[in-house]
Asker: 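First the structure, which I've put down as C-alpha coordinates, then a few questions once you've had a look.
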Amino acid sequence: MPELPEVETIKRTLEPKLTGQSFTEAEIYLPTIIRIPNAEEFKKQIAGQKIKSISRRGKYLTINLSQNLALIFHLRMTGRLIYCHADEPLLKHTHLIMKLDSGNELRFTDVRQFGRVWLVSVQKLDTVSGLKDLGPEPFDTAFTREFLKKELRRRRTRIKPLLLDQTFIAGLGNIYADEALHRARIHPKKLACNLDARETSKLYITIREVLQEGIDNRGTTFRDYVDGDGQCGSNQDLLQIYNREGKPCFRCKTTVVKIKIGGRSSYFCPYCQKE
DNA sequence: CCGTAACCCTGCGTGC
DNA sequence: TGCACGCAGGGTTACG
(Lines give C-alpha, C1' and ligand atoms only; values in the text may rest on other atoms or scores of the structure.)
Protein backbone atom coordinates (compact mmCIF):
# COMPACT_ATOMS: atom_id res chain seq x y z
CA MET A 1 0.00 0.00 0.00
CA PRO A 2 1.94 2.98 -1.16
CA GLU A 3 1.74 5.66 1.51
CA LEU A 4 3.84 8.81 1.76
CA PRO A 5 7.23 7.04 2.23
CA GLU A 6 6.60 4.67 -0.66
CA VAL A 7 5.45 7.39 -3.05
CA GLU A 8 8.40 9.54 -1.98
CA THR A 9 10.77 6.64 -2.69
CA ILE A 10 9.24 6.12 -6.13
CA LYS A 11 9.63 9.83 -6.76
CA ARG A 12 13.31 9.75 -5.79
CA THR A 13 14.07 6.73 -7.96
CA LEU A 14 12.24 8.08 -11.00
CA GLU A 15 13.28 11.72 -10.92
CA PRO A 16 16.95 11.36 -12.01
CA LYS A 17 16.01 8.94 -14.75
CA LEU A 18 12.98 10.70 -16.18
CA THR A 19 13.95 14.35 -15.96
CA GLY A 20 14.84 15.74 -19.37
CA GLN A 21 13.38 12.84 -21.32
CA SER A 22 10.34 13.10 -23.56
CA PHE A 23 7.37 10.82 -23.97
CA THR A 24 6.98 9.54 -27.51
CA GLU A 25 3.74 7.58 -27.26
CA ALA A 26 1.44 5.72 -24.91
CA GLU A 27 -0.19 2.32 -25.03
CA ILE A 28 -3.35 1.95 -23.00
CA TYR A 29 -4.60 -1.52 -22.09
CA LEU A 30 -7.10 -0.58 -19.39
CA PRO A 31 -8.67 2.79 -20.22
CA THR A 32 -10.68 2.96 -16.98
CA ILE A 33 -7.59 3.81 -14.91
CA ILE A 34 -7.26 7.10 -16.80
CA ARG A 35 -9.77 9.54 -15.34
CA ILE A 36 -8.85 12.58 -17.42
CA PRO A 37 -8.86 12.81 -20.43
CA ASN A 38 -10.21 9.91 -22.52
CA ALA A 39 -7.77 7.35 -23.96
CA GLU A 40 -7.53 8.96 -27.39
CA GLU A 41 -6.89 12.43 -26.00
CA PHE A 42 -4.38 11.03 -23.52
CA LYS A 43 -2.34 9.46 -26.29
CA LYS A 44 -2.51 12.58 -28.41
CA GLN A 45 -1.56 14.96 -25.60
CA ILE A 46 1.29 13.00 -24.06
CA ALA A 47 3.24 12.46 -27.29
CA GLY A 48 6.24 14.79 -27.47
CA GLN A 49 5.89 16.06 -23.92
CA LYS A 50 9.17 16.75 -22.15
CA ILE A 51 9.57 15.86 -18.45
CA LYS A 52 10.57 18.88 -16.39
CA SER A 53 10.44 17.46 -12.86
CA ILE A 54 8.64 15.09 -10.53
CA SER A 55 6.84 16.04 -7.36
CA ARG A 56 4.82 14.41 -4.62
CA ARG A 57 1.86 15.68 -2.61
CA GLY A 58 0.43 13.23 -0.07
CA LYS A 59 0.15 9.96 -1.97
CA TYR A 60 -0.12 11.66 -5.36
CA LEU A 61 2.86 11.58 -7.71
CA THR A 62 3.06 14.26 -10.39
CA ILE A 63 5.26 14.27 -13.48
CA ASN A 64 5.49 17.91 -14.50
CA LEU A 65 5.57 18.24 -18.26
CA SER A 66 6.33 20.97 -20.75
CA GLN A 67 3.44 23.16 -21.92
CA ASN A 68 1.98 23.35 -18.40
CA LEU A 69 0.74 19.77 -18.39
CA ALA A 70 0.79 17.51 -15.34
CA LEU A 71 0.71 13.70 -15.42
CA ILE A 72 -0.61 12.58 -12.06
CA PHE A 73 -0.72 9.12 -10.50
CA HIS A 74 -2.43 7.73 -7.42
CA LEU A 75 -1.36 4.13 -6.81
CA ARG A 76 -4.02 3.32 -4.19
CA MET A 77 -3.13 -0.16 -2.91
CA THR A 78 -1.43 -2.24 -5.54
CA GLY A 79 -0.39 0.26 -8.19
CA ARG A 80 3.19 0.20 -9.42
CA LEU A 81 5.08 2.70 -11.54
CA ILE A 82 8.20 1.15 -12.99
CA TYR A 83 10.91 2.53 -15.24
CA CYS A 84 12.54 -0.10 -17.43
CA HIS A 85 13.85 -0.81 -20.89
CA ALA A 86 11.35 -1.58 -23.62
CA ASP A 87 12.87 -5.08 -23.95
CA GLU A 88 11.86 -6.07 -20.41
CA PRO A 89 9.03 -8.62 -20.36
CA LEU A 90 5.63 -7.22 -19.42
CA LEU A 91 4.46 -7.86 -15.90
CA LYS A 92 0.95 -9.13 -15.42
CA HIS A 93 -1.64 -6.39 -14.96
CA THR A 94 0.25 -3.80 -16.99
CA HIS A 95 -2.43 -1.26 -17.87
CA LEU A 96 -0.46 1.65 -19.31
CA ILE A 97 2.90 1.98 -21.04
CA MET A 98 4.43 5.38 -21.68
CA LYS A 99 7.34 5.20 -24.10
CA LEU A 100 10.33 7.52 -23.80
CA ASP A 101 12.74 8.82 -26.41
CA SER A 102 15.62 6.94 -24.73
CA GLY A 103 14.13 3.56 -25.59
CA ASN A 104 12.98 3.08 -22.02
CA GLU A 105 9.43 3.00 -20.75
CA LEU A 106 7.40 4.03 -17.75
CA ARG A 107 4.89 1.27 -17.00
CA PHE A 108 1.86 1.39 -14.76
CA THR A 109 0.68 -1.95 -13.39
CA ASP A 110 -2.04 -2.56 -10.84
CA VAL A 111 -3.48 -5.92 -9.76
CA ARG A 112 -6.63 -4.48 -8.24
CA GLN A 113 -7.15 -1.74 -10.78
CA PHE A 114 -7.85 0.87 -8.11
CA GLY A 115 -4.99 3.16 -9.15
CA ARG A 116 -5.78 6.31 -11.09
CA VAL A 117 -4.08 8.49 -13.70
CA TRP A 118 -4.81 12.06 -14.80
CA LEU A 119 -3.29 14.22 -17.51
CA VAL A 120 -4.36 17.80 -16.97
CA SER A 121 -3.12 21.32 -17.45
CA VAL A 122 -1.75 22.92 -14.29
CA GLN A 123 -4.64 25.38 -14.43
CA LYS A 124 -7.01 22.46 -13.95
CA LEU A 125 -5.33 20.61 -11.09
CA ASP A 126 -8.52 21.02 -9.07
CA THR A 127 -10.22 18.51 -11.38
CA VAL A 128 -7.99 15.76 -9.93
CA SER A 129 -10.21 14.21 -7.29
CA GLY A 130 -8.89 14.63 -3.78
CA LEU A 131 -5.77 16.60 -4.69
CA LYS A 132 -6.97 20.07 -3.83
CA ASP A 133 -8.57 18.93 -0.57
CA LEU A 134 -5.41 17.42 0.92
CA GLY A 135 -4.42 18.42 4.41
CA PRO A 136 -0.89 19.62 5.27
CA GLU A 137 2.23 17.68 4.34
CA PRO A 138 3.64 16.08 7.48
CA PHE A 139 7.10 17.54 6.78
CA ASP A 140 5.86 20.97 5.73
CA THR A 141 6.36 23.93 8.03
CA ALA A 142 2.56 24.38 7.95
CA PHE A 143 2.24 21.15 9.95
CA THR A 144 3.16 22.39 13.38
CA ARG A 145 2.58 21.05 16.85
CA GLU A 146 0.15 23.90 17.42
CA PHE A 147 -1.78 23.06 14.26
CA LEU A 148 -2.17 19.44 15.34
CA LYS A 149 -3.20 20.45 18.86
CA LYS A 150 -5.76 22.94 17.62
CA GLU A 151 -7.25 20.55 15.05
CA LEU A 152 -7.45 17.57 17.40
CA ARG A 153 -9.22 19.65 20.03
CA ARG A 154 -12.15 20.46 17.76
CA ARG A 155 -12.58 16.95 16.28
CA ARG A 156 -15.07 14.60 17.90
CA THR A 157 -13.95 11.60 15.89
CA ARG A 158 -11.66 8.75 16.80
CA ILE A 159 -7.99 9.33 16.23
CA LYS A 160 -7.28 6.42 13.88
CA PRO A 161 -9.83 7.28 11.15
CA LEU A 162 -8.78 10.92 11.50
CA LEU A 163 -5.15 10.07 10.73
CA LEU A 164 -6.33 8.23 7.62
CA ASP A 165 -8.41 11.23 6.52
CA GLN A 166 -6.30 12.80 3.76
CA THR A 167 -8.06 16.14 4.19
CA PHE A 168 -6.77 16.22 7.77
CA ILE A 169 -3.17 15.26 7.07
CA ALA A 170 -1.75 14.08 3.75
CA GLY A 171 0.12 10.85 3.24
CA LEU A 172 -0.64 8.58 6.18
CA GLY A 173 -2.14 5.17 5.43
CA ASN A 174 -3.05 2.19 7.55
CA ILE A 175 0.49 0.99 8.23
CA TYR A 176 2.12 4.25 9.30
CA ALA A 177 -0.98 5.41 11.19
CA ASP A 178 -0.88 2.28 13.36
CA GLU A 179 2.87 2.62 13.84
CA ALA A 180 2.60 6.29 14.86
CA LEU A 181 -0.20 5.55 17.36
CA HIS A 182 1.65 2.61 18.89
CA ARG A 183 4.83 4.60 19.29
CA ALA A 184 2.88 7.46 20.88
CA ARG A 185 1.04 4.92 23.08
CA ILE A 186 -2.40 6.09 21.99
CA HIS A 187 -5.39 3.78 21.58
CA PRO A 188 -6.71 3.96 17.99
CA LYS A 189 -10.30 4.42 19.22
CA LYS A 190 -9.50 7.33 21.50
CA LEU A 191 -11.44 10.46 20.60
CA ALA A 192 -9.19 13.07 19.02
CA CYS A 193 -10.49 15.79 21.33
CA ASN A 194 -9.59 13.67 24.35
CA LEU A 195 -5.87 13.49 23.65
CA ASP A 196 -3.96 15.37 26.32
CA ALA A 197 -1.06 17.74 25.67
CA ARG A 198 1.53 15.05 26.24
CA GLU A 199 -0.17 12.63 23.84
CA THR A 200 -0.61 15.30 21.17
CA SER A 201 3.05 16.27 21.38
CA LYS A 202 4.13 12.68 21.25
CA LEU A 203 1.90 11.94 18.27
CA TYR A 204 3.22 14.97 16.42
CA ILE A 205 6.73 13.59 16.80
CA THR A 206 5.91 9.95 16.06
CA ILE A 207 4.01 10.77 12.84
CA ARG A 208 7.15 12.40 11.48
CA GLU A 209 9.43 9.69 12.90
CA VAL A 210 7.62 6.72 11.37
CA LEU A 211 7.31 8.46 8.00
CA GLN A 212 10.97 9.51 7.99
CA GLU A 213 12.08 6.00 8.90
CA GLY A 214 9.87 4.64 6.14
CA ILE A 215 11.61 6.93 3.65
CA ASP A 216 15.05 6.07 5.05
CA ASN A 217 14.27 2.37 4.57
CA ARG A 218 12.95 2.93 1.04
CA GLY A 219 9.37 2.02 1.92
CA THR A 220 7.42 -0.89 3.35
CA THR A 221 6.99 -3.87 1.04
CA PHE A 222 4.16 -5.74 2.67
CA ARG A 223 3.08 -7.41 -0.52
CA ASP A 224 2.97 -5.37 -3.69
CA TYR A 225 5.01 -2.23 -3.23
CA VAL A 226 8.20 -1.69 -5.23
CA ASP A 227 10.02 1.53 -6.11
CA GLY A 228 10.52 3.01 -9.58
CA ASP A 229 13.30 0.47 -10.26
CA GLY A 230 11.14 -2.48 -9.20
CA GLN A 231 13.05 -2.85 -5.92
CA CYS A 232 11.43 -3.78 -2.60
CA GLY A 233 11.77 -1.61 0.49
CA SER A 234 12.98 -2.88 3.87
CA ASN A 235 10.81 -0.99 6.36
CA GLN A 236 8.52 -4.02 6.78
CA ASP A 237 11.29 -5.60 8.89
CA LEU A 238 11.09 -2.74 11.37
CA LEU A 239 7.33 -2.47 11.87
CA GLN A 240 6.44 -2.62 15.55
CA ILE A 241 2.71 -3.23 15.40
CA TYR A 242 1.19 -3.48 11.91
CA ASN A 243 0.17 -7.01 10.89
CA ARG A 244 1.41 -8.45 14.21
CA GLU A 245 -1.91 -9.79 15.53
CA GLY A 246 -1.36 -12.55 18.10
CA LYS A 247 2.34 -11.78 18.44
CA PRO A 248 3.97 -10.23 21.51
CA CYS A 249 4.35 -6.46 21.66
CA PHE A 250 8.05 -5.67 21.28
CA ARG A 251 7.83 -3.26 24.19
CA CYS A 252 5.84 -5.18 26.82
CA LYS A 253 5.20 -8.71 25.42
CA THR A 254 1.42 -8.29 25.62
CA THR A 255 -0.36 -9.95 22.69
CA VAL A 256 -1.05 -7.56 19.84
CA VAL A 257 -4.75 -7.21 19.00
CA LYS A 258 -6.50 -6.48 15.70
CA ILE A 259 -9.83 -4.64 15.66
CA LYS A 260 -11.96 -2.98 13.01
CA ILE A 261 -12.38 0.76 13.11
CA GLY A 262 -14.38 2.39 10.36
CA GLY A 263 -14.05 -0.71 8.22
CA ARG A 264 -10.25 -0.75 8.45
CA SER A 265 -8.13 -3.13 10.47
CA SER A 266 -6.24 -1.57 13.33
CA TYR A 267 -3.40 -3.24 15.21
CA PHE A 268 -2.58 -2.12 18.71
CA CYS A 269 -1.16 -3.26 22.04
CA PRO A 270 -3.87 -3.25 24.73
CA TYR A 271 -1.28 -2.63 27.45
CA CYS A 272 0.78 0.13 25.83
CA GLN A 273 -2.25 1.79 24.21
CA LYS A 274 -5.01 2.10 26.78
CA GLU A 275 -8.38 3.48 25.72
C1' DC B 1 -20.27 16.77 11.89
C1' DC B 2 -19.68 11.87 12.45
C1' DG B 3 -20.27 6.80 11.69
C1' DT B 4 -21.25 3.02 8.83
C1' DA B 5 -21.44 0.53 4.72
C1' DA B 6 -21.19 -0.41 -0.09
C1' DC B 7 -18.39 -0.19 -4.02
C1' DC B 8 -14.41 -0.71 -7.07
C1' DC B 9 -11.05 -5.40 -8.00
C1' DT B 10 -7.98 -9.57 -7.84
C1' DG B 11 -5.25 -12.74 -5.23
C1' DC B 12 -4.69 -15.32 -1.38
C1' DG B 13 -5.67 -17.95 2.84
C1' DT B 14 -9.00 -20.94 5.00
C1' DG B 15 -12.22 -24.54 5.54
C1' DC B 16 -14.59 -28.34 3.72
C1' DT C 1 -6.60 -31.13 -5.35
C1' DG C 2 -10.16 -28.08 -5.89
C1' DC C 3 -13.84 -25.31 -4.96
C1' DA C 4 -16.50 -21.62 -2.47
C1' DC C 5 -15.99 -18.02 0.35
C1' DG C 6 -14.33 -14.14 2.99
C1' DC C 7 -10.95 -10.84 3.49
C1' DA C 8 -7.51 -7.26 2.30
C1' DG C 9 -7.63 -2.02 1.47
C1' DG C 10 -7.65 3.93 -0.31
C1' DG C 11 -10.81 6.73 -1.58
C1' DT C 12 -15.49 8.03 -2.97
C1' DT C 13 -20.26 8.15 -2.30
C1' DA C 14 -24.64 7.48 -0.08
C1' DC C 15 -27.32 7.47 3.84
C1' DG C 16 -28.80 7.78 8.78
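Numbers restart at 1 for each chain; the letters A, B, ... are given by sequence-line order, proteins then strands. For clarity, every value in this text was computed on a predicted model and none was experimentally measured.
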Asker: Assuming nearest nucleotide by heavy-atom distance, tell me which of A:His93 and A:Leu191 is located more 5' along DNA chain B.
Answerer: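 Whichever sits nearer the 5' end wins; that is A:Leu191.
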Asker: Write down the atom of A:Leu65, the atom of A:Lys52, and the distance for their closest heavy-atom approach.
Answerer: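 The answer is O-CE, 3.2 Å.
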Asker: Note the angle between the end axes of the helix from B:dC2-C:dG16 to B:dC16-C:dG2, five pairs defining each, rounded to 10 degrees.
Answerer: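 The helix from B:dC2-C:dG16 to B:dC16-C:dG2 shows an end-to-end axis angle of 50°.
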Asker: Determine yes or no for a side-chain-to-main-chain donor-acceptor pair under 3.5 angstrom, with A:Gln166 supplying the side chain and A:Leu172 the backbone.
Answerer: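 Side chain of A:Gln166 to backbone of A:Leu172, a donor-acceptor pair under 3.5 Å: yes, one is there.
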Asker: By the rule that ILVMFWY residues connect when side-chain heavy atoms come within less than 4.5 angstrom, directly or transitively, which residues belong alongside A:Leu90?
Answerer: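 Members alongside A:Leu90: A:Tyr29, A:Ile97.
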Asker: Answer yes when A:Asp178 and A:Lys160 have at least one side-chain N-carboxylate O distance shorter than 4.0 Å, and no when they do not.
Answerer: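 Salt bridge: yes.
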Asker: Indicate the atoms forming the closest heavy-atom contact of A:Phe108 with A:Gly115, along with that distance.
Answerer: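 Minimum heavy-atom contact is CZ-CA, 4.0 Å.
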Asker: Which nucleotide of DNA chain B is the first, and which the last, in the 5' to 3' direction, to come under 4.0 Å of a heavy atom belonging to chain A?
Answerer: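 So the contact region on DNA chain B extends B:dC2 to B:dG11.
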Asker: Could you tell me whether the side chain of A:Glu15 and the main chain of A:Ile54 form a donor-acceptor pair under 3.5 Å?
Answerer: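 Here the side-chain-to-backbone pair exists.
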Asker: Just list the side-chain donor-acceptor pairs under 3.5 Å for residues 228-242 of chain A, sequence neighbours left out, or say none.
Answerer:
unit_1   : atom_1 : unit_2   : atom_2 : d
A:Asp229 : OD1    : A:Lys17  : NZ     : 2.6
A:Ser234 : OG     : A:Asn217 : O      : 3.2
A:Asn235 : OD1    : A:Asn217 : ND2    : 2.9
A:Asn235 : ND2    : A:Thr220 : OG1    : 3.1
A:Gln236 : OE1    : A:Thr221 : N      : 2.8
A:Gln236 : NE2    : A:Gly233 : O      : 2.9
A:Gln240 : NE2    : A:Leu238 : O      : 3.2

Asker: Which donor-acceptor pairs under 3.5 Å do the side chains of residues 267-275 of chain A make with protein atoms, sequence neighbours left out?
Answerer:
unit_1   : atom_1 : unit_2   : atom_2 : d
A:Gln273 : OE1    : A:Cys269 : N      : 2.8
A:Gln273 : NE2    : A:Ile186 : O      : 2.9
A:Lys274 : NZ     : A:Tyr271 : O      : 3.0

Asker: With sequence neighbours excluded, give me every side-chain hydrogen bond (donor to acceptor under 3.5 Å, both in side chains) pair touching residues 249-262 of chain A.
Answerer: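 Qualifying pairs, neighbours excluded: none.
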Asker: Calculate the interatomic distance between A:Gln113 atom CD and C:dG11 atom C1'; express it in whole Å.
Answerer: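 To the nearest whole Å, that distance equals 16 Å.
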Asker: Mind running a 4.0 Å heavy-atom check of residues 155-170 of chain A against DNA chain B and sending the residues that fall below it, in number order?
Answerer: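 Within residues 155-170 of chain A, the residues near DNA chain B are A:Arg155, A:Arg156, A:Thr157, A:Arg158.
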Asker: In whole Å, I'd like the distance from the CG atom of A:Leu172 to the P atom of C:dG10.
Answerer: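 The answer, rounded to whole Å, is 11 Å.
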Asker: Under the 5.5 Å and 30° test, is A:Phe114 stacked on the base of C:dG9?
Answerer: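 By the stated criterion, A:Phe114 and C:dG9 do not stack.
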Asker: Do side-chain atoms of A:Arg145 reach the backbone of A:Lys149 as a donor and acceptor pair under 3.5 angstrom?
Answerer: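 Absent.
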Asker: Please report the distance, rounded to the nearest Å, between NZ in A:Lys59 and P in C:dG9.
Answerer: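 Atom NZ in A:Lys59 sits about 12 Å away from atom P in C:dG9.
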Asker: Please report the distance, rounded to the nearest Å, between CZ in A:Arg35 and C1' in C:dT12.
Answerer: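 Interatomic distance, CZ of A:Arg35 to C1' of C:dT12: 10 Å.
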Asker: Should A:Glu25 and A:Lys43 count as an ion pair when the cut-off is N to O under 4.0 Å?
Answerer: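 Not counted as a salt bridge, because no side-chain N and carboxylate O are separated by less than 4.0 Å.
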Asker: What verdict does the side chain to side chain donor-acceptor pair (under 3.5 Å) test give for A:Glu3 and A:Tyr225, after you've listed the backbone C-alpha separation in whole Å, the side-chain angles of each residue and the deciding distance to 0.1 Å?
Answerer: CA-CA 10 Å; A:Glu3 306 177 27; A:Tyr225 163 73; over 6 Å; no
Asker: What N/O pairs connect the protein and nucleotides 13-16 of chain C at under 3.5 Å? Give each pair on its own line.
Answerer:
none

Asker: Under a 3.5 Å distance rule, please check whether A:Ser22 uses its side chain to pair with a backbone N or O of A:Asp101 as donor and acceptor.
Answerer: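 No: the side chain of A:Ser22 does not pair with the backbone of A:Asp101.
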Asker: Does A:Arg76 or A:Lys92 map to a spot on DNA chain B nearer the 5' end, using the closest nucleotide for each?
Answerer: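 Between the two, 5'-proximity favours A:Arg76.
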Asker: Within this structure, what is the CG-to-C1' distance between A:Asp178 and C:dG9, rounded to whole angstrom?
Answerer: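 One finds 13 Å between C1' of C:dG9 and CG of A:Asp178, rounded.
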Asker: May I ask you to list the residues of residues 117-139 of chain A, by number, that have any heavy atom positioned under 4.0 Å from an atom of DNA chain C?
Answerer: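 Residues of residues 117-139 of chain A under 4.0 Å from DNA chain C: A:Ser129, A:Gly130.
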Asker: Could you point out which residue of A:Thr9, A:Thr13, A:Asp227 forms a side chain to side chain donor-acceptor pair (under 3.5 Å) with A:Arg218?
Answerer: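 Only one of A:Thr9, A:Thr13, A:Asp227 forms a side chain to side chain donor-acceptor pair (under 3.5 Å) with A:Arg218, namely A:Asp227.
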Asker: Under 3.5 Å, side chain of A:Arg80 to main-chain N/O of A:Asp224, donor-acceptor pair present?
Answerer: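 Between the backbone of A:Asp224 and the side chain of A:Arg80 there is a qualifying donor-acceptor contact (under 3.5 Å).
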Asker: Any chance you could list the contact pattern along nucleotides 3-8 of chain C? Use B for base contacts, S for sugar-phosphate-only contacts and - for none, protein heavy atoms under 4.0 Å, 5' to 3'.
Answerer: -----B
Asker: Name the atoms and distances for all side-chain donor-acceptor pairs under 3.5 Å in residues 66-73 of chain A, with sequence neighbours left out.
Answerer:
unit_1  : atom_1 : unit_2  : atom_2 : d
A:Ser66 : OG     : A:Gln49 : OE1    : 3.1
A:Ser66 : OG     : A:Lys50 : N      : 3.0
A:Gln67 : OE1    : A:Gln49 : NE2    : 3.3

Asker: Is the backbone of A:Leu195 close enough, under 3.5 Å, to the side chain of A:Arg198 for a donor and an acceptor to pair up by distance?
Answerer: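 Side chain of A:Arg198 to backbone of A:Leu195: no pair is present.
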Asker: For A:His182, enumerate each residue passing the ring-ring contact (aromatic ring centres under 6.0 Å, His included) test, keeping only those at least two apart in sequence or located in another chain.
Answerer: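 Partners of A:His182 under the ring-ring contact (aromatic ring centres under 6.0 Å, His included) test: none.
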